[in-house]
Protein chains: 2
Amino acid sequence: MESCCSMKGFLTFIVLRLISKKNMSGEDIREEIRKRKGTRPSPGTVYPVLKYLNKNKFIEEISSKGKIKRYKITKKGKKELNEATNKFCMLFYDMKDDISRRCN
Amino acid sequence: MESCCSMKGFLTFIVLRLISKKNMSGEDIREEIRKRKGTRPSPGTVYPVLKYLNKNKFIEEISSKGKIKRYKITKKGKKELNEATNKFCMLFYDMKDDISRRCN
DNA sequence: TTTCCAATATCGCATAACCGATATAAACAA
DNA sequence: TTGTTTATATCGGTTATGCGATATTGGAAA
């Protein structure tokens, strides 16, 4: 019951954002999130998100030899991400100072 | 099906944070969120959050004449918020530039 | 080849988040 | 008093989020 602010949510946003910065595979994403949150999201968390983003053409597979699938963001995905980022910033515009204070 | 990144979540965090900046009532909070998101959260959304935060001593009622209840953050709430903010910043540290670019 | 491992895929489930509707209560006006 | 408005409270239900478990697949190693 301790710890309010579960911070559940926004995973789709985070994943799309990560891929927009660098082409990534599912495992790359799991690892990057582990670095940031301390916990590695389960496969059952990450792969359905990738599937959803791919299905809706926000990301697409890049030619890959082997079993590792890497994705890159699409035009549509960039547009979507831009809008989502706007919303995020409207909501959290005053987090800027906190971030600066804690992450430099 | 359009618009990924529903951005559902983080409401408890947002509410605690708003109250930490300024003593607020439920309606104050609804209005502030409307300003940021464009949509006014329903009473069924906001009041249960306040109840939860109050019950767990993260916020407390300040003496109020009349029916309007205003809350202020407690010591425990500040501690909790600080930890939550740390997590948030770890997760979104690279949003700083986006926020700067869009919100000035 | 066979064996093993690592990356991906999928399914069912538990929980959380949020909403709509409705109820209560307090203040004020007529 | 009665009626009206506004803030708060609560309940049930829907949707989304993320997890655990398990299956599948391809490559590498033996």
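Residue numbers begin at 1 in each chain, while the letters A, B, ... track the order of the sequences.
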J.: Just to verify, what does B:Arg17 make a salt bridge (charged side-chain N to carboxylate O under 4.0 Å, His left out) with, not counting sequence neighbours?
T.: A:Asp94, A:Asp98

J.: Starting at CZ of A:Arg30 and ending at C1' of C:dA7, how long is that distance when rounded to a whole Å?
T.: 9 Å

J.: Can you check each nucleotide of nucleotides 19-30 of chain C against protein heavy atoms at under 4.0 Å and return B for base, S for sugar-phosphate only, - for none, in 5' to 3' order?
T.: BBB----BS---

J.: Scan side-chain atoms only and decide if B:Asp28 and B:Ser25 contain a donor-acceptor pair under the 3.5 Å cut-off.
T.: yes

J.: I need the CG-C1' distance between A:Leu16 and D:dT17, as an integer number of Å.
T.: 17 Å

J.: Whole angstroms only, please: what is the OH-P distance between A:Tyr47 and C:dA7?
T.: 7 Å

J.: Taking it one step at a time, do B:Phe92 and A:Phe88 satisfy ring-ring contact (aromatic ring centres under 6.0 Å, His included)?
T.: CA-CA 11 Å; B:Phe92 293 113; A:Phe88 184 96; 4.8 Å; yes

J.: Quick check: does any side chain N or O of B:Ser20 sit under 3.5 Å from a backbone N or O of B:Ile73, one acting as donor and the other as acceptor?
T.: no

J.: Rounded to the nearest Å, what distance is computed from the CZ atom of residue B:Phe10 to the P atom of nucleotide D:dT17?
T.: 11 Å

J.: Can you check the A:Lys69 NZ to D:dT24 C1' distance for me, whole Å?
T.: 12 Å

J.: Which residues pass the side-chain contact (heavy atoms from CB on, under 4.5 Å) test with A:Arg34, sequence neighbours left out?
T.: A:Glu31, A:Arg40

J.: Take the protein atom CD of A:Glu61 and the nucleotide atom P of C:dA7, then report the distance between them rounded to whole Å.
T.: 16 Å

J.: Below 3.5 Å, does any donor atom in the side chain of A:Lys51 face an acceptor in the base of C:dT10, or the other way round?
T.: no

J.: Could you state the atom-to-atom distance from CD of A:Glu27 to C1' of D:dG27 in whole Å?
T.: 15 Å

J.: With no hydrogens and no angle check, is any side-chain donor or acceptor of A:Arg30 less than 3.5 Å from a backbone partner on A:Pro41?
T.: yes

J.: Find out whether A:Ile29 and A:Leu50 are in side-chain contact, i.e. whether some heavy atom of one side chain is under 4.5 Å from a heavy atom of the other.
T.: yes

J.: Measure from NZ on A:Lys8 to P on C:dA16 and round the result to the nearest Å.
T.: 7 Å

J.: Contact class for A:Ser25 vs. all strands (heavy atom < 4.0 Å): base, sugar-phosphate, or nothing?
T.: sugar-phosphate

J.: Taking the nucleotide of DNA chain C with the closest heavy atom to each, which residue, A:Leu50 or A:Cys5, is nearer the 5' end?
T.: A:Leu50

